[in-house]
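Hydrogens, waters and symmetry mates are skipped; everything else that's a heavy atom, side chains included, is used. Note that the structure is a prediction, hence the values are computed from the model and not measured.
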Amino acid sequence: MQRRPLLQRTLVAGLSAGLLLGTLSGCGFQLRRGGQTMAFQTIQLTGFAGNSPLANELARALEASGVRVVDSTLAATQAASAATVPSSHVVFDAQADNRDMVVVTKTAYGQVRVMSVRTSVRFRVKRADGSILMPSTEVGLARDLSYNEKDALSKQDESAALQKAMQTDIVGQVLRRLATIRQVDLVAPATPASAASSVSASSLARP
């Protein structure tokens, strides 16, 4: 006897929520789908191997954050409709991208019992003018995996799933580091020599 009123209330609540989302969308309000807010507009990924799964996942995550991943500084210039490379462009230089497994524990008979699954990336970030924006930083994870030769195939699948999970975690950590970059950081600070030249030139210009 109570099912019909409950069902009606559920339908009304669902319709109300749908109308609310439609109204917000019509007003220009968009729900975020995750991702970090970046100060730069374009980024070039260099140093990765052509088949790097980490590079592919990082590129997708950056695109989801509203950053355009380009293949070259020329593409960044064209994307900004500028004559020179814009300061809103950065270069992500991967210096190392490693995935491996090492033996941690063996039995007295030499049989492997524990493997360590490891994933890491070392990178630096450059400004559009080539100056260093973020020095070399390494992000890595390692997880132990019990091993049994009788279940070698299933352990390979488990290792691959573990590698994928750690890769996703590393991409998230990299994004959080990139999100700390501010717009003011995108322009290289004046060197002492150039600053002194500017002061000297302004002094000579005085009557």
Side-chain angles (χ1 to χ4, degrees), residues 28-100 118-142 166-207:
F29 179 85
Q30 294 182 350
L31 295 177
R32 288 181 58 82
R33 295 185 179 180
Q36 304 285 337
T37 300
M38 305 297 174
F40 47 90
Q41 297 178 5
T42 58
I43 188 171
Q44 180 182 355
L45 304 181
T46 64
F48 287 105
N51 59 345
S52 169
L54 191 146
N56 294 333
E57 184 168 349
L58 178 60
R60 290 193 298 269
L62 285 164
E63 292 279 1
S65 297
V67 177
R68 183 171 180 179
V69 179
V70 296
D71 296 327
S72 64
T73 54
L74 175 60
T77 303
Q78 294 173 342
S81 301
T84 58
V85 184
S87 60
S88 59
H89 174 69
V90 298
V91 176
F92 184 98
D93 181 22
Q95 300 172 303
D97 176 17
N98 300 315
R99 280 166 297 279
D100 59 9
R118 304 185 301 188
T119 299
S120 65
V121 60
R122 186 173 72 252
F123 66 94
R124 62 182 178 178
V125 181
K126 299 179 182 179
R127 297 184 180 89
D129 63 358
S131 60
I132 301 300
L133 173 57
M134 184 179 293
S136 293
T137 303
E138 184 166 359
V139 180
L141 293 172
M166 290 192 297
Q167 174 182 293
T168 299
D169 192 345
I170 287 176
V171 167
Q173 293 189 44
V174 170
L175 289 180
R176 287 191 290 274
R177 283 166 171 76
L178 294 177
T180 63
I181 298 174
R182 302 169 300 170
Q183 288 187 347
V184 68
D185 299 328
L186 298 177
V187 179
T191 61
S194 61
S197 299
S198 300
V199 172
S200 178
S202 62
S203 300
L204 291 175
R206 294 176 182 174

I'd like to check the ring pair (Phe, Tyr, Trp, His ring centres under 6.0 Å) partners of F40; sequence neighbours left out, ordered by chain and number.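 Testing F40 for ring pair (Phe, Tyr, Trp, His ring centres under 6.0 Å), a comparison that skips the adjacent residues, returns none.
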I'd like to check the side chain to side chain contact (heavy atoms under 4.5 Å, CB included) partners of D129; sequence neighbours left out, ordered by chain and number.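 With neighbours one apart ignored, the set is R127, S131, A188.
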Set of side chain to side chain contact (heavy atoms under 4.5 Å, CB included) partners for Q183, sequence neighbours left out: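 Residues passing side chain to side chain contact (heavy atoms under 4.5 Å, CB included) with Q183: A39.
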Could I get the full list of side-chain hydrogen bond (donor to acceptor under 3.5 Å, both in side chains) partners for [X], not counting sequence neighbours?
X    : answer
Q95  : S136
S52  : D97
R124 : D93
Q167 : E57

According to salt bridge (charged side-chain N to carboxylate O under 4.0 Å, His left out), does anything in [range] pair up with another residue at least two apart or in another chain? List the pairs.
range            : answer
residues 78-92   : none
residues 172-188 : R182-D185
residues 75-84   : none

Kindly state each residue pair satisfying side-chain hydrogen bond (donor to acceptor under 3.5 Å, both in side chains) with at least one member in residues 81-91, sequence neighbours excluded.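 Qualifying pairs, neighbours excluded: T42-H89.
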Identify, with sequence neighbours excluded, every residue that meets salt bridge (Lys or Arg N to Asp or Glu O under 4.0 Å) alongside R118.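 Testing R118 for salt bridge (Lys or Arg N to Asp or Glu O under 4.0 Å), a comparison that skips the adjacent residues, returns D100.
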What are the two closest non-hydrogen atoms of A75 and V70, and how far apart are they?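 Closest approach of A75 to V70: CB-CB, 3.8 Å.
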